[in-house]
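Report on the structure given below.
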Amino acid sequence: MTPTSSLPLEVCLTPDLLRLYDLKGKIVVVADIFRATSCMVAGLGSGVSEVIPVATVLEAFKWREKGYVAAGERNGIQVEGFDIGNSPLEHMTQRGRKIVMTTTNGTQAIQYSRHHAQQVVIGAFLNLAALTGYLKQQKMPILVLCAGWKGRFNMEDALFAGAVVEALTKEQNSLFHSDGDDALACLSLYGQAKHDLLEALRPASHYQRLVRTNENAEEDMRFCLETDRFDVVPVLKGDALVLA
Ligand code: MLT
């Protein structure tokens, strides 16, 4: 089949590589599969009314004084004094509440993007079809930003980026253009792993870290790898993530 179009679609493998990308005029999809963006999708998809992603624990406590549920972690462990941690299953119990959230990598990637991109949206396997449907409608250059771990590459975010690339290019038989091969590499990795994502990710660094530090980590990660559980797309409007 001859490709019908060429889509501006890039993947940035870690926030430390963002200096190589121009975010101006782009829609940035932030992805932190284990677990920040999965929590955001699961929470908002279960009736949480908004999520404020902040960079610091101090900011989160300030929002908490205004009645927000404080959520998140540092180094994978719930912050002391917060109401909930960074498990999507916990976020799903907060129907009708407003959440303020800070995490080691995910909310930092959102904070950086919001000052440079045209639009910031939240991606996870949990909302893959809704997200890619939304991206197709926007008709804007797309950058998938993998949150990684403290500047390092994480496999789960790269596999998700590959799933986005596959979904956006497969149906329309379109090529994508990018100055590097990040998107191509993610597509290839996803092709190899998609038949059993959990098995492919068991040896991954953050999978292992969470198993060491969190009692219910395996249940969380199994859930984070469910595809299309929620038909929602969180978008950043001002300070808050809300449903598109
Ligand atoms: C992060 O933002 O670094 C993660 O979501 C960490 C975690 O899994 O708790």
Side-chain angles (χ1 to χ4, degrees), residues 12-18 28-46 48 51-60 63 69-94 99-114 120-127 144-161 197-198 200-226 229-230 234 236 241:
C12 177
L13 292 173
T14 89
D16 275 23
L17 292 172
L18 268 175
V28 171
V29 179
V30 177
D32 185 353
I33 299 308
F34 295 156
R35 299 163 288 173
T37 59
S38 298
C39 286
M40 291 161 183
V41 169
L44 288 162
S46 304
V48 166
V51 177
I52 310 274
V54 296
T56 67
V57 168
L58 195 66
E59 284 170 273
W63 284 96
V69 174
E73 54 66 47
R74 282 295 178 270
N75 296 316
I77 299 166
Q78 180 173 336
V79 176
E80 210 180 317
F82 275 20
D83 305 292
I84 58 174
N86 200 31
S87 160
L89 306 175
E90 282 179 304
H91 284 243
M92 287 164 69
T93 64
Q94 302 299 316
I99 292 180
V100 60
M101 189 171 173
T102 184
T103 67
T104 310
N105 305 284
T107 60
Q108 317 300 330
I110 295 170
Q111 283 306 324
Y112 181 89
S113 307
R114 68 179 288 192
V120 177
V121 300
I122 298 303
F125 284 106
L126 294 170
N127 72 338
V144 182
L145 171 56
C146 300
W149 182 261
K150 300 184 180 177
R152 290 174 186 246
F153 170 88
N154 265 179
M155 188 66 137
E156 62 276 15
D157 300 338
L159 291 180
F160 169 75
L197 289 173
L198 189 65
L201 286 167
R202 265 190 229 283
S205 57
H206 196 46
Y207 189 100
Q208 293 298 326
R209 182 180 298 109
L210 287 177
V211 166
R212 281 195 305 272
T213 54
N214 283 259
E215 215 179 307
N216 300 319
E218 288 191 334
E219 195 185 352
D220 272 6
M221 290 186 281
R222 189 181 297 276
F223 184 81
C224 291
L225 297 177
E226 283 187 26
R229 173 95 183 224
F230 298 98
L236 192 65
L241 290 167

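Along the sequence shown, the residues carry numbers beginning at 1. In each ligand, atom 1 is the first atom listed, and ligand 1 is the first ligand listed.
Looking only at heavy atoms of the protein, atom 3 (O) of ligand 1 is closest to Asn105 ND2, 2.6 Å.
The side-chain heavy atoms of Asp157 and Asp32, taken from C-beta on, include a pair separated by under 4.5 Å. Between Met221 and Val211, the closest side-chain pair of non-hydrogen atoms falls below 4.5 Å. Counting only heavy atoms from C-beta outward, the side chains of Leu241 and Pro53 approach each other to under 4.5 Å.
Under a 4.0 Å criterion applied to the non-hydrogen atoms of Thr104, ligand 1 contributes the atoms 1 (C), 2 (O), 3 (O). Every atom of ligand 1 is numbered from 1 in the order shown, and the set under 4.0 Å from a heavy atom of Leu210 is 8 (O).
Taking distance alone, with nitrogen or oxygen atoms compared against 3.5 Å, Arg35 approaches ligand 1 more closely than that limit. Among the atoms of Gly106, some N or O lies under 3.5 angstrom from an N or O of ligand 1. Residue Ala36 has at least one N or O atom closer than 3.5 Å to an N or O atom of ligand 1.
A donor-acceptor contact shorter than 3.5 Å is absent between the side chain of Thr37 and the backbone of Ala31. Side chain of His206 to backbone of Phe34: a donor-acceptor contact under 3.5 angstrom is found. Here the side chain of Gln78 pairs no donor or acceptor atom with the backbone of Asn86 at under 3.5 angstrom.
The part of Glu73 lying near ligand 1 is the side chain, judged by heavy-atom distances below 4.0 Å. When non-hydrogen atoms are compared, ligand 1 lies under 4.0 Å from the side chain of His206 (C-beta onward) but not from its backbone. Of all the heavy atoms of Asp32, the ones lying under 4.0 Å from any atom of ligand 1 belong exclusively to the side chain.
In this pair, Phe125 and Phe160 present their aromatic rings perpendicular. The plane angle is above 60°, beyond the 30 to 60° band.
Comparing Ile33, Asn86, Thr103 against atom 5 (O) of ligand 1, the shortest heavy-atom distance belongs to Asn86.
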